Amino acid sequence: MKAGIRIFERCNELALLSEDTDALTRVYLSKQHQQANQLAGTWMRDAGMHVWQDAVGNICGRYEGLEPDAPALLLGSHLDTVRNAGKYDGMLGVITAIELVSRLHQQNKRFPFAIEVVGFADEEGVRFGVTLLGSRGLAGSWGDDWLDKQDSNGISLAQALCDFGLAPEQIHQAKRKSSDFIGYLELHIEQGPLLESTDLALGVVTAINGAKRLNFSLKGMAGHAGTVPMSLRQDALVGASELILVAESIAKDFDVVATVGKIACHPGAVNVIPSDVSFSLDIRAPDNQQRDVALFEITKAAKEIAVRRQLELSYDCFYSSDATPCSGFLQEKLTDAVTAVQGRSMSLASGAGHDAIAIAALCEVGMLFMRCKGGISHNPAELVQVADIDLALQALEHVLANINLPKTKNMLG
């Protein structure tokens, strides 16, 4: 239990590094990000790793294998947070990976492969509106225009890098080769209620959901709330309400998740029939085709509603990410490990995005989920159990002990 307590306490220690005094907020290239890197780097050195900060601000540590310069198994997660965050999203995976290497170092145990631990600099995308900046830097998939992105204070990403002590023109130096890694493993809280509902501490991720985000707009006719008969109205808000309910029903039928998280209504007066309504739709599934078929049915229904209610419909997709399947080999190894430490395992998809999405361009990826109380995340009420942390650590140890030599430089098995 000592290891679990130490990991738990280190999560609490990292949570003190926040720009807010009464809440946890730590964003990319901030003073608190720098402090978090320094603290995590100290723990990495204490665990026997060679430590460096790369060109995008990821903090990295390497524990050599039996042979120098061997390809590495990459472990870790992210150190940034959303605003008013919990203490375990991201941080738990980084600190547990460090503890795992510390145990190996104490036992003077090494493998035919090296182990690298990374604390990704920006997964959440809070400051500049682009997610996975840390892992995309490692994967070499940065967008050409990202350096021009600005935060809410008008500071560009390029300027923020300079202020942090990094050089924007050297971003490409963070890119790693596929041959550097044999795979990537990430421990993360589930951020959902499935594990807790089945009384399991750990589960194995099958895929990370692919997402599409759209803006819908419905235009009707404003009119007097007291004089226009119900049968003659072109009420954009009622049409949008019907569509939102239809989207919920279709999502259930196709076993996807769909969310309307933002809505605007005009003119917004108590005695005027709404003429213009816009809303967002976020739709996700572990399979791209499954998601896209459901979305097709939603847009088909939207057109039918618009025609029937004499509304003008428009919509556009402003974000799309493919589903990321997890390695079958790593799923098998994680399932064996979870079964060994808790008696049985559960497979589940991840509805949230993770750094594994970007790292999948470099190597096979696997994810281990750990339950969190009430399935709550991105919230100060986020909570985990020390006993569960210990189980997760044991499961990761089991995986390491049972990984075979890589057949190729970036494939496990």
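These values consider heavy atoms only, across backbone and side chains, with no hydrogens, waters or symmetry-generated copies. Worth saying up front: this structure is predicted, and the values here are computed from it rather than measured. Residue numbers count from 1 along this sequence.
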Quiz item: Do Ser377 and Glu382 get their side chains close enough for a donor-acceptor pair, meaning under 3.5 Å?
Solution: yes
Donor-acceptor pairs are to be reported for all side-chain atoms of residues 157-172 against protein atoms at under 3.5 Å, with residues two or more places apart or in another chain.
unit_1, atom_1, unit_2, atom_2, d
Gln159, NE2, Asp163, OD1, 2.8
His172, ND1, Glu169, O, 3.3

Quiz item: Counting N and O atoms only, with roles assigned by atom type, does the side chain of Arg371 sit under 3.5 Å from a partner on the main chain of Pro193, one being a donor and the other an acceptor?
Solution: no
Quiz prompt | salt bridge (Lys or Arg N to Asp or Glu O under 4.0 Å) between Asp80 and Arg26, worked out | solution = CA-CA 5 Å; Asp80 68 313; Arg26 186 169 55 247; over 6 Å; no
Self-check item: Exercise: do Thr42 and Gln38 side chains pair donor with acceptor under 3.5 Å
Solution: no
Quiz item: Within a strict 4.5 Å, meaning less than it, do heavy atoms of the Leu383 and Ile376 side chains meet?
Solution: no
Quiz item: Between the main-chain N or O of Gln331 and the side-chain N or O of Thr335, is there a donor-acceptor pair closer than 3.5 Å?
Solution: yes
Practice problem: Look only at the side chain of Ser18 and the backbone of Ala23, and say whether a donor-acceptor pair between them is shorter than 3.5 Å. | Solution: yes
Quiz item: From Met44 CE over to Cys60 SG, what is the distance, rounded to the nearest 0.5 angstrom?
Solution: 7.0 Å
Quiz item: Around atom CD of Glu67, are there more than 12 heavy atoms of other residues, nucleotides or ligands at under 6.0 Å?
Solution: no
Quiz item: Do the side chains of Glu124 and His378 get nearer than 4.5 Å, heavy atoms only?
Solution: yes
Practice problem: Assess whether salt bridge (Lys or Arg N to Asp or Glu O under 4.0 Å) is satisfied between Lys2 and Asp390, documenting all intermediate values. | Solution: CA-CA 9 Å; Lys2 288 182 179 180; Asp390 271 313; over 6 Å; no
Quiz item: Taking C-beta and beyond as the side chain, do Ile115 and Leu100 meet within less than 4.5 Å on heavy atoms?
Solution: no
Practice problem: Could you tell me whether a side-chain N or O of Lys175 sits under 3.5 Å from a main-chain N or O of Gly137, the two making a donor and an acceptor? | Solution: no
Quiz item: Could you state the interatomic distance from CG (Leu202) to CG (Leu334), rounded to the nearest 0.5 Å?
Solution: 9.5 Å
Quiz item: Is the side chain of Asn58 donor-acceptor paired with the backbone N or O of Gln53 at a distance under 3.5 Å, no angle test?
Solution: no
Quiz item: What do the steps show when you test Thr299 against Phe216 for side-chain contact (heavy atoms from CB on, under 4.5 Å), and what is the final call?
Solution: CA-CA 10 Å; Thr299 56; Phe216 279 80; 4.2 Å; yes
Exercise. Taking all non-hydrogen atoms of both residues into account, name the closest pair between Glu196 and Glu190 and its distance.
Key: N-OE1, 4.5 Å
Exercise. Evaluate whether atom CG of Asp253 has more than 12 neighbouring non-hydrogen atoms of other residues, nucleotides or ligands under 6.0 angstrom away.
Key: yes
Quiz item: What's the verdict on salt bridge (Lys or Arg N to Asp or Glu O under 4.0 Å) for Lys177 and Asp180, showing C-alpha distance, side-chain angles and the deciding distance?
Solution: CA-CA 5 Å; Lys177 303 186 297 293; Asp180 289 343; 3.5 Å; yes
Self-check item: Heavy-atom pair with the smallest gap, counting every atom of Leu147 and Ser156
Solution: O-CB, 3.8 Å
Practice problem: Kindly assign one of parallel, tilted or perpendicular to the pair His188 and Phe369, based on the angle between their ring planes and the thresholds 30° and 60°. | Solution: tilted
Quiz item: With no hydrogens and no angle check, do the side chains of Asp89 and His78 hold a donor and an acceptor under 3.5 Å apart?
Solution: yes
Exercise. Quick one: list whatever passes side chain to side chain donor-acceptor pair (under 3.5 Å) with Gln34, sequence neighbours left out.
Key: none
Quiz prompt | Nearest heavy-atom neighbours spanning Arg127 and Ser30 | solution = NH1-N, 4.1 Å
Practice problem: Starting from the C-alpha separation in whole Å, work towards a yes-or-no answer on side-chain contact (heavy atoms from CB on, under 4.5 Å) for Leu330 and Val365. | Solution: CA-CA 7 Å; Leu330 286 175; Val365 300; 5.6 Å; no
Quiz item: Going through the checks in order, is the side-chain contact (heavy atoms from CB on, under 4.5 Å) test met by Met367 and Leu185?
Solution: CA-CA 6 Å; Met367 289 195 69; Leu185 278 179; over 6 Å; no
Exercise. Report the distance from atom CG of Leu218 to atom CG of Leu237, rounding to the nearest 0.5 Å.
Key: 9.5 Å
Quiz item: Are side-chain N/O atoms of Ser77 and Glu186 paired as donor and acceptor at under 3.5 Å?
Solution: yes
Quiz item: Is the backbone of Leu362 close enough, under 3.5 Å, to the side chain of Tyr184 for a donor and an acceptor to pair up by distance?
Solution: no
Quiz item: Any ion pair linking Arg308 and Glu242 (charged N to carboxylate O, less than 4.0 Å)?
Solution: yes
Quiz item: Is the closest side-chain heavy-atom distance between Phe329 and Glu364 below 4.5 Å?
Solution: no
Quiz item: Measuring from Asn12:CG to Ile7:CD1, what's the distance to the nearest 0.5 Å?
Solution: 12.5 Å
Quiz prompt | Asp151 side chain to Ile155 backbone, donor-acceptor under 3.5 Å | solution = yes
Self-check item: Any donor-acceptor pair under 3.5 Å from Glu116 side chain to Tyr63 backbone
Solution: no
Quiz item: Quick one: does Trp146's side chain get under 4.5 Å of Leu133's, heavy atoms only?
Solution: yes
Quiz item: With a 4.5 Å heavy-atom cut-off, do Tyr315 and Lys303 have their side chains touching?
Solution: yes
Quiz prompt | Straight-line distance of Ser278 OG to Lys219 NZ, nearest 0.5 Å | solution = 8.0 Å
Quiz item: Going from OG1 on Thr81 to CG on Leu17, what distance comes out if it is rounded to the nearest 0.5 angstrom?
Solution: 10.5 Å
Self-check item: Minimum-distance pair of heavy atoms, taken over all atoms of Val82 and Ala85
Solution: O-CB, 3.4 Å
Practice problem: For Ser197 and Leu194, indicate whether the former's side chain and the latter's backbone hold a donor-acceptor pair under 3.5 Å. | Solution: yes
Quiz item: Would you find a donor on one side and an acceptor on the other, under 3.5 Å apart, between the side chain of Gln150 and the backbone of Phe128?
Solution: no
Quiz prompt | Test: Asp54 and Arg176 ion pair at under 4.0 Å | solution = no
Practice problem: Kindly indicate whether the side chain of Arg103, heavy atoms from C-beta on, has any atom under 4.5 Å from the side chain of Lys109. | Solution: no
Quiz prompt | Ser217/Asp276 under side-chain contact (heavy atoms from CB on, under 4.5 Å): CA gap, chis, key distance, verdict | solution = CA-CA 7 Å; Ser217 174; Asp276 296 86; 5.7 Å; no
Quiz item: Can you name the closest pair of heavy atoms from Val130 and Asp122 and give their distance?
Solution: O-OD1, 3.8 Å
N/O donor-acceptor pairs under 3.5 Å from side chains in residues 206-215, not counting sequence neighbours:
unit_1, atom_1, unit_2, atom_2, d
Lys212, NZ, Asp292, OD1, 3.3
Arg213, NE, Asp282, OD2, 2.9

Quiz item: Are the side chains of Thr198 and Met346 in touch, meaning some heavy atoms are under 4.5 Å apart?
Solution: yes
Practice problem: Provide the closest heavy-atom pair for Leu391 versus Ala201 in the form atom of the first, atom of the second, distance. | Solution: CD1-CB, 3.8 Å
